[in-house]
Amino acid sequence: MIYQHDLSPATSVSMSVRAGHFYDPQECEGLSHLLEHMMFLGSRHLPKANSINDMVESAGGAINAWTGTEFANYHFHCRSTEIKRILPAFADMMRLPLLDPDTLNKEINAIEAEFQFKIKDDLRRLYQIHKETANPLHPFSKFSVGNADIFRSLPECELHAALQQYHAQYYVGANMCLAIFTSENVDDVLELVSQSFGALKAGEEANTEWPALYTPEQLAVEINIVPLQTARRMIVTFALPGLHQDFRTKPLNYLSHLIGDEGEGSLLAYLKNKNWVTNLIAGSGIEGEDFKDFNVSFQLTEQGLANRDHILQALFSFIALISNAMDEKWRYQEKAHLGALAYQYEDNPKLQNIVCDYSQHLFSFSSDDIKLFRIVIDSFDKEVLENALSYFRPDNIRVKMIAPELATDTVCRFYNAKYQMRPLSQTLLSQLCHPENIPELQLPPPNPYLGDDYHLTIPQAENLTPRLLLDSDYTKLWFAQDDTFHSPKGDLYVSFDTPAFSDDLLAVAAKRIWLAALNDYLQAKYYRAEIAGLHYRIYGHQAGFSLHTRGFSNHQPKLAGQLLETIYEFIPDQQHFDRLKAMQIQSLENALMNKPTNRLFSRLSVIVQKNTQAPVDLLKAVKECTYQHMRECLDNALKGYYVECFMHGNWSEDEAQSFAEKLQQQCTNANAGPMSRAVTALPVGDALYHEVTCEHEDAAVVLYLQAPSNSLIDTAMCMVLEQMLAAPFFNVLRTEKQLGYVVGTGYVPHNQHPGMAFYIQSPSHAPEALLKEMTSFLFEQLNEIDFYRFYWSTIQKNLLKQLEERDLSLSMKSQRLWVCLGTQDLAFDRNAKLADLISRTSFQDIQAYANKIAERNVFGELVLFASGKFPSMDVSDDKKLKDLALFKKTTQYFQ
């Protein structure tokens, strides 16, 4: 399938192969995953390992793959002009991989590192329990990832022969579907496909007939699971046939729309009022060509855990409401209208994701049908909807209970997770078959935010860059129109700098709880606006908090005004405070369970940004925060603040002026100046070390190099050198030296102050060894930067493409302009200046700058590490950063 587009000068390609883990041999679970890794390590005409990756990157793109249940998928994107060079190489990789036995051991190590990386991931543990409680005769029950123990249980020659046989059997024309989105001429690309894949063997279609996913004994059951994180959840799974494949009526979309409703009268609103549930998600779950799990997932409170039978009864009471309202066609048509609007005015469609979906759909549908998948068709069919709902029965459910205190009797393979499966009681099943009517439960009414007027405002030349409509010492409103996207949408930002919410840790904790309670209160009140394309977010930042609304412009200023009014008036009661405080404690406790690299990068932000706090410190403060303290902090915060607003999109100047006047009327207590977003000036010449205690057994190290200033030259050079070192850092330390699964680099600015980060997480090496390898590689490369002279032209082109790339959506443009306002880039041309500088940069300039960094007396250095199961680093006390609060009080800052 080849589809021509004009969204960008790029081509996206996806090859789906019916060769997922369902086809793994019983004696070698994970073989398909191992083959996916081996496919990138050279082909007949490109024998060098990862040469396809280098080729695609040189064409301004990226290549990747994944192995799923029924399918493996290989995909890439590149500049359209390069497709003639890339597609034949891609075909060579798919047809004629070398599968060199000399590389096998390294890839086994890579998969083992990946396995170890996820060994304490609750989602992965839950997935394994799901497999073990499904039909053992169904291939879903196989372990999909593989690990070193499995692969090395076979002699290496047998494992290599199994890979070759697997590729020969499944990587053939009968099991492959190709989809391409391109800006090139379709006929030319079609001819290129024919030339590239013409020699592909036809082969035989793989088996697609499987037994039932669940046996009768595995339905109407309760599965208790003990998580590692502090979590209380209930997941109710309805076992369905492949109803998700109905792209005309989309019955499951409709049912998830109703069950997952968050407005007043909804199942979620009822359960939240009971203090049983904090969140509900409907519709997710595993799926294949002929099976589908429809999950209704509840985030529970402690009371909710004790009332799980009542929650189930409420769920089935709501399902009965849906069943009794099947004749109400308007509700289905409204859902179709909402979907059509979302599709018509879609922002920045993710072409790579879509092309991957299309290549897989080609196994079951014609290309003409596939083009209709994303278009919501008003195809109300009562029989189809009733048939779908007929599977939503008590005898067809699996109830997963996830909480620390549950009884278990089994330990799952590979992940050591404890669980227990037992039948639901007949008494409960009988109650669920005849649920009581609950008057508080109601199906959603007509959506008041769904309008017909989505007209465009003609932009004026003087409003195409942000300008001040309101300018005082304490309140500013910037306004700009858009002439790029011609969309009836806009973005509105209102930022509050609130000194009283930043005084100390307790004040930050009070802000955090109040914001959580505020968003919780608003959820039901404005859910209808959300699903009608009017989105809002109220979130904390280091100087206070912000309101951001986006979407259709017609009702947005009104919504923003209502939200601002609520911010000034809303005060949670004690019960609401207690519930949201408990949620924040759980969230922060779970943050402390994050993987080591995540923890280190989070701590990096805390150290470098003056008003950012560590989760471990915030957790203590949230626990100590009382209702009275939250009230006092809130009162003080709203008595003195600074407000800055930005309105960008499909509004006239008169509409913006009207909103500015209303903002000024509402912000009567704006009487403070803007707060500093200062960045720590890390010491130069000698690294500072900071250890983060993690539960995970892996060791991890992040080496952060901070530029001496935020000048254009320091910013450009950080971007250039990070790009230059990224691929060799990964190839040497991960692929060749096998130090860990998570290895990488990043350009990491803080408040626009540039820096570079290099990181490794390892199950096999102590942090001291990791840092030694990192620094020796890094400073050796910087001293020998001349080696990269050949690559400079390609890296330069890729960076210029990134900097000169147009905004992909109206919201992206709004965000970019908002960031420019925050950094005082009032010419809105920093990217253009960076691009100009990089275009004029010679390799000699880079060489000179790299040599200065290598001398280690220009950049600030910070080493963050987690020891895991290994000994800590041997670091002298004068180089250790232990007391963050003291450090922030005494250190110097970039202003």
Side-chain angles (χ1 to χ4, degrees), residues 1-19 36 39-40 43-46 51-66 71-97 171-203 343 346 348-375 794 797-798 801-802 805-806 808:
M1 175 183 183
I2 302 173
Y3 181 76
Q4 191 170 29
H5 69 82
D6 58 1
L7 295 173
S8 69
T11 291
S12 297
V13 176
S14 171
M15 173 72 85
S16 278
V17 189
R18 196 184 289 277
E36 175 215 314
M39 293 287 287
F40 288 89
S43 58
R44 180 174 294 178
H45 298 100
L46 287 169
S51 54
I52 183 77
N53 304 59
D54 296 338
M55 181 183 285
V56 175
E57 284 179 16
S58 72
I63 186 168
N64 212 333
W66 49 258
F71 301 97
N73 188 283
Y74 298 81
H75 49 271
F76 71 88
H77 68 273
C78 67
R79 291 189 293 271
S80 288
T81 53
E82 298 275 13
I83 190 64
K84 291 179 182 177
R85 181 167 68 98
I86 304 299
L87 195 65
F90 182 66
D92 194 52
M93 167 185 160
M94 299 304 297
R95 287 178 53 235
L96 303 166
Y171 281 64
V172 293
N175 290 321
M176 289 180 162
C177 285
L178 181 71
I180 300 176
F181 288 179
T182 184
S183 57
E184 297 290 278
N185 180 274
V186 168
D187 291 336
D188 293 344
V189 176
L190 188 60
E191 184 178 348
L192 180 63
V193 170
S194 179
Q195 293 168 358
S196 302
F197 291 94
L200 187 68
K201 292 179 182 177
Y343 178 79
E346 183 177 20
N348 186 27
K350 303 288 191 295
L351 294 184
Q352 190 68 71
N353 295 344
I354 297 169
V355 78
C356 288
D357 289 341
Y358 279 22
S359 66
Q360 188 167 315
H361 290 323
L362 281 168
F363 283 98
S364 305
F365 302 97
S366 71
S367 57
D368 288 339
D369 282 345
I370 291 171
K371 291 174 184 175
L372 302 177
F373 271 44
R374 298 178 65 244
I375 302 172
T794 299
K797 285 177 185 175
N798 288 341
K801 178 178 178 288
Q802 291 172 31
E805 203 167 59
R806 64 186 178 91
L808 298 178

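Quick caveat, the model's predicted, so the values are computed rather than measured.
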With side chains defined as the heavy atoms from C-beta onward, is the minimum distance between Leu192 and Glu184 less than 4.5 Å?
no

Does any part of the side chain of Phe90, heavy atoms only, come nearer than 4.5 Å to the side chain of Leu46, both counted from C-beta?
no

Heavy-atom closest contact (Ser58 atom, Glu82 atom, distance):
O-OE2, 4.4 Å

Evaluate the criterion side chain to side chain contact (heavy atoms under 4.5 Å, CB included) for residue pair Asn53 and Phe76; output intermediate values, then yes/no.
CA-CA 9 Å; Asn53 304 59; Phe76 71 88; over 6 Å; no

Within the 4.5 Å heavy-atom criterion, are Tyr171 and Met39 side-chain neighbours or not?
yes

Over all heavy atoms of both residues, which pair between Gln352 and Val355 is shortest? Give the atoms and the distance, please.
O-CG1, 3.2 Å

For Gln4 versus Ser183, what's the shortest heavy-atom pair and its separation?
NE2-O, 3.7 Å

Return the CG to CE distance between Leu362 and Met15, rounded to the nearest 0.5 Å.
11.0 Å

A side-chain contact here means heavy atoms from C-beta on lying under 4.5 Å apart; do Asp92 and Ile52 qualify?
no

Could you grab the distance from atom CG of Asn64 to atom CZ of Phe40, nearest 0.5 Å is fine?
6.0 Å

With heavy-atom distances below 4.5 Å as the criterion, would you say the side chains of Leu351 and His77 are in contact?
no

Nearest heavy-atom pair of Val56 and Ala62: which atoms, and what distance?
CG1-N, 3.3 Å

Straight-line distance of Arg79 CZ to Asn798 CG, nearest 0.5 Å:
6.0 Å

Just checking Glu191: does its CD atom have more than 12 heavy atoms from other residues, nucleotides or ligands closer to it than 6.0 angstrom?
no

Would you say the side-chain atoms of Ser43 pair up with the backbone N or O of Pro97, donor to acceptor, closer than 3.5 Å?
no

Please report the shortest heavy-atom distance between Ile83 and Pro88, naming the atom on each side.
O-CD, 4.0 Å

Arg95 and Ala199 have their tightest heavy-atom pair at NH2-CB, 3.4 Å

Pairwise distance CZ(Phe197) to CG(Leu87) - rounded to 0.5 angstrom
5.0 Å

Ring pair (Phe, Tyr, Trp, His ring centres under 6.0 Å) filter on Phe181, not counting sequence neighbours, yields Tyr3, Tyr358

If you round to the nearest 0.5 Å, how far is OG of Ser14 from CG of Asn353?
10.0 Å

Return the NE2 to CG distance between His361 and Asp369, rounded to the nearest 0.5 Å.
11.0 Å

